[in-house]
Amino acid sequence: MGSTEHPAQMKRGYHVLTWKWMRYSAFLLIPLVWIHAIIQALITGGHNLSLEYVNMRWLITGWRIYDIFLLAFAFSHGTLGLRQVLVDFIRDEKWYRVLNWGLFFLWLIISTIGAVAIIGGVKFPE
Amino acid sequence: MADRIKSTLSGYAKYRGRGHVTFLTHRISGLGTFVYLTLHILTTSTVFFAPQWYEALVIFFRNPFVMFAEIIISFFVVYHGVNGLRLAYIDLFRPDLLEKQSNRKFMAAVFLITLLLWSPAVAIMGYDFLKYGLGFFGGG
């Protein structure tokens with residue numbers, strides 16, 4: 001091991017935790033994403049999207065909760081997956097840290113934007 | 001850094017172990033879905049942050065290139081899910097399959113199941129693409 005040890009292997013506990021998160025979120029995402037895609041893309045259809053439609057959908061609190069779960073699980077799964085791919089390209093500790101913090105802020109910012117929109121709801125233009 | 005990128009990419013190209021193809025397709029479909037997901041969250045969030053932008057985006061979503069890309073993304077989403085289930089199944093119940101040639105049949109089955117589950121999406125989104133994207137059947 002020594003100097004050739006991969007940075008990812010230095011943080012075992014963290015590694016196991018993210019692996020488990022990937023696996024469990026994956027199982028949840030199968031029904032969450034597929035139901036979402038069937039309703040939005042196949043039953044509603046992208047051409048029927050409008051502010052009125054989104055507003056009508058979010059009048060039902062259950063759908064907002066559904067969308068929060070979808071956002072939380074899908075985007076964290078995606079960010080960790082991207083991290084797994086990019087980690088293969090990195091050897092030294094410095095870039096590993098840059099990558100981890102970069103992806104952490106990407107995850108935080110996009111998730112926050114999405115969550116604020118879901119909770120805030122549709123604002124109709126004046 | 002640069003040599004690491006080079007060795008990883010050449011590793012992607014040269015590695016020919018079992019599951020080579022599905023390793024790559026799982027990553028490609030995952031990355032494609034991630035790019036779509038990020039844009040999807042940002043564009044949908046405009047309903048709160050900038051609703052007039054959302055109205056402009058809805059028109060943009062009817063661009064035939066966007067509609068076509070969505071059909072491809074729907075394949076990625078179905079494939080990534082079905083193949084992910086295969087990975088979890090092998091991992092949890094049949095680790096012996098990793099060493100066996102029969103895993104190849106399993107991968108082919110994943111591909112067929114994906115095509116089967118994807119076909120309604122092709123039919124419906126394909127129809128919408130022809131109608132609203134290209135203006136057939138009196139759409140436009």
Side-chain angles (χ1 to χ4, degrees), chain A residues 22-24 26-27 29-31 33-34 36-38 40-43 45-51 53-55 58 67 70-71 74-75 77-82 84-92 94-95 106-107 109-126, chain B residues 1 3-9 11-12 26-28 30-31 33-38 40-42 44-55 57-58 61-62 66-67 70-71 73-74 77-78 80-82 84-85 87-88 91-92 117 120-121 123-125 127-129 131-133 139:
Chain A
M22 287 305 273
R23 174 57 54 82
Y24 299 139
F27 284 136
L29 283 168
I30 300 246
V33 171
W34 289 3
H36 173 77
I38 288 167
Q40 303 308 321
L42 304 188
I43 297 172
H47 56 280
N48 284 325
L49 287 180
S50 64
L51 288 174
Y53 173 79
V54 181
N55 186 53
W58 280 349
D67 287 353
L70 193 56
L71 173 72
F75 202 68
H77 184 92
T79 311
L80 283 172
L82 178 63
Q84 221 163 299
V85 171
L86 293 179
V87 150
D88 280 355
F89 292 89
I90 285 172
R91 185 177 281 149
D92 63 86
K94 192 193 106 195
W95 282 107
L106 178 78
W107 168 79
I109 290 164
I110 304 280
S111 300
T112 306
I113 289 172
V116 168
I118 292 168
I119 295 163
V122 177
K123 292 269 172 286
F124 287 96
E126 271 130 54
Chain B
M1 185 71 193
D3 64 314
R4 183 68 185 172
I5 290 170
K6 210 180 151 206
S7 66
T8 303
L9 285 177
Y12 273 18
H26 200 69
R27 289 201 156 183
I28 292 163
L31 287 171
T33 305
F34 182 78
V35 171
Y36 172 81
L37 176 63
T38 307
H40 182 55
I41 293 168
L42 289 175
T44 308
S45 295
T46 59
V47 299
F48 174 76
F49 292 103
Q52 64 280 11
W53 291 6
Y54 188 76
E55 289 174 328
L57 282 165
V58 162
F61 295 155
R62 293 172 85 161
V66 176
M67 294 186 90
E70 281 177 343
I71 299 175
I73 294 295
S74 72
V77 170
V78 176
H80 197 79
V82 178
L85 284 176
L87 294 173
D91 199 51
L92 292 170
L117 293 175
I124 296 169
M125 294 170 84
Y127 176 78
D128 287 347
F129 167 70
K131 187 171 180 178
Y132 302 101

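Naming: A, B, ... by sequence-line order, numbering from 1 per chain. Worth saying up front: this structure is predicted, and the values here are computed from it rather than measured.
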Run the numbers on A/Leu42 and B/Met125 for side-chain contact (heavy atoms from CB on, under 4.5 Å), then give the verdict.
CA-CA 7 Å; A/Leu42 304 188; B/Met125 294 170 84; 3.8 Å; yes
Criterion side-chain contact (heavy atoms from CB on, under 4.5 Å) on A/Ile30 and B/His80, from CA distance to verdict
CA-CA 10 Å; A/Ile30 300 246; B/His80 197 79; over 6 Å; no
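Nearest heavy-atom pair, B/Ile41 versus A/Phe75, reported as atom, atom and distance to 0.1 Å: CD1-CD1, 3.6 Å. When every heavy atom of A/Pro125 is checked against every heavy atom of B/Pro51, the shortest pair comes out as CD-CB, 3.9 Å. The two residues A/Trp34 and B/Val78 have their closest heavy-atom pair at CZ2-O, 3.7 Å. Smallest separation of non-hydrogen atoms from A/Leu51 and B/Tyr54: CD2-CD2, 3.6 Å.
Of the two parts of A/Val122, the backbone and the side chain both hold a non-hydrogen atom closer than 4.5 Å to a non-hydrogen atom of chain B. Both the backbone and the side chain of A/Val85 come within contact range of chain B, each with at least one heavy atom under 4.5 Å from a heavy atom of that chain. Within the 4.5 angstrom heavy-atom criterion, no atom of A/Ala37 approaches chain B. Residue A/Ile38 does not touch chain B at all, counting heavy-atom pairs closer than 4.5 Å. Neither the backbone nor the side chain of A/Ser111 has a heavy atom closer than 4.5 Å to any heavy atom of chain B. Heavy-atom distances place no part of B/Ile71 under 4.5 Å from chain A, backbone and side chain included. Proximity to chain A involves both the backbone and the side chain of B/Val77, based on heavy atoms less than 4.5 angstrom apart. Heavy atoms closer than 4.5 Å to chain A are found in the side chain of B/Leu117, but not in its backbone. Using a 4.5 Å cut-off between heavy atoms, B/Ser74 makes no contact with chain A at all. Within the 4.5 angstrom heavy-atom criterion, no atom of B/Val66 approaches chain A. Contacts between A/Ile118 and chain B at a heavy-atom distance below 4.5 Å are absent for every atom of the residue. Heavy-atom distances place the side chain of B/Phe34, and not its backbone, under 4.5 Å from chain A.
Within 6.0 Å of atom CH2 in A/Trp58, more than 12 heavy atoms from other residues, nucleotides or ligands are found, so the atom counts as buried in its surroundings. Crowding of B/Phe49 atom CZ: a count of heavy atoms from other residues, nucleotides or ligands under 6.0 Å exceeding 12.
Atoms CD1 and CD1, on B/Ile5 and A/Ile90 in that order, are 8.0 Å from each other to the nearest 0.5 Å. Here B/Leu9 contributes atom CG and A/Phe89 contributes atom CZ; the two are 4.5 Å apart, rounded to the nearest 0.5 Å. The CG atom of A/Leu82 sits 11.5 Å away from the CG atom of B/Leu37 when rounded to the nearest 0.5 Å. Between the CG atom of B/Leu92 and the CZ atom of A/Arg23 there is a distance of 5.0 Å, given to the nearest 0.5 Å. From A/Leu70, atom CG reaches atom NE2 of B/His40 across 7.5 Å, with rounding to the nearest 0.5 Å. Taking CG from A/Leu49 and CG from B/Leu57, the interatomic distance works out to 10.5 Å, rounded to the nearest 0.5 Å.
With hydrogens and angles ignored, the 3.5 Å screen pairs no side-chain donor or acceptor of B/Ser45 with any backbone N or O of A/Ala117.
Using cut-offs of 30° and 60° for the angle between ring planes, the A/His47 and B/Tyr132 rings count as parallel.
When each of B/Thr46, B/Asp91, B/Thr44 is scored by its heavy-atom pairs under 4.5 Å with chain A, the top score falls to B/Asp91. Ranked by non-hydrogen atom pairs under 4.5 Å with chain A, the options B/Gly30, B/Ala50, B/Ala123, B/Ala88 are led by B/Ala88.
Between A/Val116 and B/Phe48, some side-chain heavy-atom pair lies under the 4.5 Å cut-off.
For the side chain to side chain donor-acceptor pair (under 3.5 Å) test, no residue two or more places apart in sequence or in another chain qualifies with A/Gln84.
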